[in-house]
Participant: 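Provided herewith is a single structure, encoded as C-alpha cells, for subsequent inquiry.
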Amino acid sequence: PIIHRAERTMEALAAANPEPSELQLEILEQAARELVLLQSSDWPFLVTTGQAKEYAVERFTEHVTRFEQLVELASTTSEVTETQLEMLAALEERDNPFPDIDYANFSERQGSASTSPGA
C-alpha cells in the first residue's frame with residue numbers, strides 16, 4: 001500500500017507539473033529516482049522472510065521518507081530554503097543511479113497505480 005500510494009502521488013505530481021521550472025524539474029526527477037528505488041528492490045520480501053529484516057526496513061523507510069520530503073518540496077518551490085536545497089543536492093549525490101530519468105514517464109495512463117471501481 002505504501003508503494004502504491006507513492007506511485008499515485010508521483011502520477012499526480014507529473015500531471016500537476018507539465019512545464020516545471022528548472023528547480024521543480026530537479027526535484028521531480030529526484031522524486032522519481034526515489035520512487036524507482038523504492039519499487040525496484042525486494043525490501044518487502046526481505047522483511048516478510050526475515051532475511052536482513054532490519055536493513056530492509058531501514059532502507060524502505062529511508063526511500064519513503066526521502067520521497068515524501070521531495071513531494072513536499074515540489075509543492076513549495078517558491079519558498080525553498082537553503083537547507084532544503086542542500087538536502088536535494090545530497091540526495092542527488094547519494095542516489096542518482098538514473099541520471100536521465102524523466103518524471104513525466106510517471107504520468108497517469110491505463111494500467112496506472114490509481115485505484116479503479118473494480119480493483
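Residue numbers run from 1 in the order of the sequence given.
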Participant: Given Glu62 and Arg59, is the salt bridge (Lys or Arg N to Asp or Glu O under 4.0 Å) satisfied, shown in steps?
Facilitator: CA-CA 5 Å; Glu62 189 175 271; Arg59 289 300 306 265; 3.5 Å; yes
Participant: Using the rule given for side-chain contact (heavy atoms from CB on, under 4.5 Å), can you reason through Asn17 versus Leu25, listing the C-alpha separation, both sets of side-chain angles and the distance that settles it, and then say yes or no?
Facilitator: CA-CA 9 Å; Asn17 294 284; Leu25 178 61; over 6 Å; no
Participant: Roughly how far, to the nearest 0.5 Å, is the CD atom of Glu7 from the CD atom of Glu108?
Facilitator: 12.0 Å
Participant: Test side-chain contact (heavy atoms from CB on, under 4.5 Å) on Arg94 and Leu91 and set out the steps.
Facilitator: CA-CA 5 Å; Arg94 179 174 179 184; Leu91 291 179; 5.7 Å; no
Participant: For the residue pair Leu46 and Lys53, establish whether any side-chain heavy-atom pair is separated by less than 4.5 Å.
Facilitator: no
Participant: Quick check: does any side chain N or O of Thr61 sit under 3.5 Å from a backbone N or O of Glu58, one acting as donor and the other as acceptor?
Facilitator: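 No, because the side chain of Thr61 does not come within donor-acceptor range (under 3.5 Å) of the backbone of Glu58.
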Participant: Quickly, which of Val36, Leu28, Thr9 forms a side chain to side chain contact (heavy atoms under 4.5 Å, CB included) with Phe106? Name it, please.
Facilitator: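 Among Val36, Leu28, Thr9, the one meeting side chain to side chain contact (heavy atoms under 4.5 Å, CB included) with Phe106 is Val36.
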Participant: I'd like to know whether Leu88 forms a side-chain contact (heavy atoms from CB on, under 4.5 Å) with Val80, so could you lay out the CA-CA distance, the side-chain angles of the two residues, the decisive distance to 0.1 Å, and finally the verdict.
Facilitator: CA-CA 10 Å; Leu88 176 60; Val80 176; over 6 Å; no
Participant: Could you pull out the closest heavy-atom pair between Pro20 and Tyr103, with the gap in Å?
Facilitator: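 In this case the closest contact between Pro20 and Tyr103 is CD-OH, 3.1 Å.
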Participant: Would you compute the distance between atom CD of Glu68 and atom NE2 of His63 and round it to the nearest 0.5 angstrom?
Facilitator: 13.5 Å
Participant: Run Ile3 and Phe60 through side-chain contact (heavy atoms from CB on, under 4.5 Å) and show every step you take.
Facilitator: CA-CA 10 Å; Ile3 294 171; Phe60 183 86; 3.9 Å; yes
Participant: What's the spacing between Asp95 CG and Gln30 CD if we round to 0.5 Å?
Facilitator: 7.0 Å
Participant: Please name the pair of heavy atoms, one in Pro18 and one in Ala15, separated by the smallest distance, quoted to 0.1 Å.
Facilitator: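 Distance-wise, the nearest heavy atoms are CD-O, 3.6 Å.
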Participant: Is there a side-chain contact between Phe67 and Leu37, using heavy atoms and a 4.5 Å cut-off?
Facilitator: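 No, their side chains stay 4.5 Å or more apart.
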Participant: Is it true that, when you exclude Glu86 itself, more than 12 heavy atoms of the residues, nucleotides or ligands shown sit nearer than 6.0 Å to its CD?
Facilitator: yes
Participant: Can Glu72 and Gln84 be counted as having a side-chain donor-acceptor contact under 3.5 angstrom?
Facilitator: no
Participant: Going by the salt bridge (Lys or Arg N to Asp or Glu O under 4.0 Å) test, which pairs reach into residues 19-44, not counting sequence neighbours?
Facilitator: Glu34-Arg66
Participant: Measuring from Glu11:CD to Asn105:CG, what's the distance to the nearest 0.5 Å?
Facilitator: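 Going from CD on Glu11 over to CG on Asn105, the span is 12.0 Å.
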Participant: In Å, rounded to the nearest 0.5 Å, how long is the span from CD1 of Ile27 to CG of Leu85?
Facilitator: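 Going from the CD1 atom of Ile27 to the CG atom of Leu85 covers 7.5 Å.
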Participant: Could you grab the distance from atom CG of Leu23 to atom CG of Leu73, nearest 0.5 Å is fine?
Facilitator: 6.5 Å
